[in-house]
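Notes follow the structure.
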Amino acid sequence: MSASIRTRAETLGLRLKARHETVATAESCTGGLIAGALTDIAGSSDWFGWGVVSYANAAKTGMLKVSPASLAAHGAVSEVVAAEMARGVQKLSGADWSVAVSGVAGPGGGTPDKPVGLVCFAIAMPFGRVDTFVRHFAGDRRAVRTQTVEVALDALLERVNATRAGQEG
């Protein structure tokens with residue numbers, strides 16, 4: 001794990017622990033790298049308990065209760081599906097916060113509408129709101145996945161810092 005990812009994970013963990021809050025992950029294109037970064041931090045069991053790798057659509061629908069209609073209409077790499085993944089893992093785990101990612105890490109699998117490097121993110125918050133956003137990353141598969149982990153941790157920390165414990169900021 002890079003030093004920058006470690007610092008992000010440690011900072012997020014300290015903040016969540018101080019607030020007595022927890023986080024869960026639902027990952028497709030990163031295959032568990034976000035959960036891995038979080039659990040690499042000693043004491044992470046105080047604020048992290050669940051990570052779901054839902055690489056296949058069957059995992060998304062079966063474990064996370066993503067709607068088959070959403071997958072059919074929008075595809076796995078979409079803000080709609082990422083939001084449903086985030087809600088699903090949050091409900092499944094009972095975590096206060098969750099992050100979900102779904103994207104095209106490459107080198108294949110891209111289309112003109114969804115090129116390699118496209119990643120959809122969703123952050124589910126304790127008060128019911130889910131924020132979604134999209135990023136386009138450059139580089140090979142490893143670079144796309146690494147950048148996805150960095151952005152996911154930054155987005156979580158930004159939203160945690162913008163809220164007071166237990167309520168919308």
Side-chain angles (χ1 to χ4, degrees), residues 1-13 23-41 44 48-93 95 97-125 130-160:
M1 175 178 9
S2 73
S4 67
I5 288 176
R6 181 172 192 76
T7 298
R8 287 169 165 95
E10 287 175 336
T11 302
L12 177 64
V23 65
T25 62
E27 303 178 63
S28 186
C29 62
T30 50
L33 292 175
I34 300 167
L38 295 173
T39 58
D40 198 49
I41 306 305
S44 58
F48 179 85
W50 286 69
V52 173
V53 176
S54 54
Y55 209 68
N57 286 348
K60 290 174 182 67
T61 58
M63 291 191 300
L64 300 176
K65 306 305 179 203
V66 170
S67 163
S70 295
L71 284 165
H74 304 283
V77 180
S78 65
E79 289 177 89
V80 169
V81 168
E84 290 184 24
M85 290 170 62
R87 282 188 197 102
V89 77
Q90 187 182 39
K91 182 176 180 182
L92 184 66
S93 68
W97 297 85
S98 70
V99 60
V101 295
S102 188
V104 186
T111 66
D113 289 340
K114 296 181 182 181
V116 170
L118 175 77
V119 179
C120 299
F121 295 80
I123 310 288
M125 300 172 217
V130 178
D131 283 352
T132 64
F133 59 95
V134 175
R135 294 289 183 271
H136 297 264
F137 299 118
D140 63 10
R141 182 176 184 81
R142 178 175 288 177
V144 169
R145 289 164 45 116
T146 298
Q147 291 169 87
T148 300
V149 174
E150 291 170 344
V151 169
L153 295 176
D154 285 346
L156 269 168
L157 186 58
E158 176 185 305
R159 284 157 181 82
V160 168

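Between A37 and I5, the shortest heavy-atom contact is CB-CG2, 3.7 Å. Smallest separation of non-hydrogen atoms from F121 and A82: C-CB, 4.1 Å. Taking each heavy atom of V23 and A95 in turn, the nearest pair found is C-CB, 3.9 Å. Annotation for A59 and S54: closest pair CB-CA, 3.7 Å, computed over non-hydrogen atoms. Pairing each heavy atom of F133 with each of A155, the nearest pair is CZ-CB, 3.6 Å. The shortest non-hydrogen separation linking G108 to V116 is O-CG2, 3.9 Å.
Side chain of Q147 to main chain of A143: a donor-acceptor pair is present (N/O by atom type, distance under 3.5 Å, no hydrogens or angles). No donor-acceptor distance shorter than 3.5 angstrom exists from the side chain of E150 to the backbone of S4, with no hydrogens or angles considered. In terms of modelled atom types and a separation under 3.5 Å, the side chain of E27 and the main chain of L33 share a donor-acceptor contact. Between the T61 side chain and the V66 main chain, no donor and acceptor come within less than 3.5 Å of each other.
Considering only heavy atoms from C-beta on, D131 comes within 4.5 Å of R159 through its side chain. Under the 4.5 Å side-chain criterion, counting only non-hydrogen atoms from C-beta, F48 is in contact with T25. A heavy-atom distance below 4.5 Å is found between the side chains of R6 and I41. Side-chain contact between S102 and K60: present, with at least one pair of heavy atoms (C-beta onward) separated by less than 4.5 Å. The side-chain heavy atoms of P115 and V104, taken from C-beta on, include no pair separated by under 4.5 Å. Side-chain contact check for V89 versus M85: every heavy-atom pair is 4.5 Å or farther apart.
To the nearest 0.5 Å, atom CD1 of residue I34 and atom OG1 of residue T39 are 11.5 Å apart. Here the CG-CZ distance, from D154 to R8, works out to 4.0 Å after rounding to the nearest 0.5 Å. Atom CG of L153 and atom OG1 of T11 lie 9.5 Å apart (nearest 0.5 Å).
For residues 110-120, the set of pairs meeting the side chain to side chain donor-acceptor pair (under 3.5 Å) definition, not counting sequence neighbours, is empty. Every pair tested for salt bridge (Lys or Arg N to Asp or Glu O under 4.0 Å) that includes a residue from residues 133-149 fails, sequence neighbours excluded, so the list is empty. For the side chain to side chain donor-acceptor pair (under 3.5 Å) condition, the pairs that include at least one residue of residues 62-75, sequence neighbours left out, are S70-E84.
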* To do: Give the intermediate values and the outcome of side chain to side chain contact (heavy atoms under 4.5 Å, CB included) for residues W97 and Q90.
  => CA-CA 7 Å; W97 297 85; Q90 187 182 39; 5.6 Å; no

* Give the intermediate values and the outcome of side chain to side chain donor-acceptor pair (under 3.5 Å) for residues T7 and E10. => CA-CA 5 Å; T7 298; E10 287 175 336; 4.8 Å; no

* Step by step, work out the side chain to side chain contact (heavy atoms under 4.5 Å, CB included) result for I123 and V130. => CA-CA 5 Å; I123 310 288; V130 178; over 6 Å; no

* Asked: V119 and V134: side chain to side chain contact (heavy atoms under 4.5 Å, CB included), yes or no, with the steps?
  -> CA-CA 6 Å; V119 179; V134 175; over 6 Å; no

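There is a side-chain donor-acceptor pair under 3.5 Å between T132 and E79.
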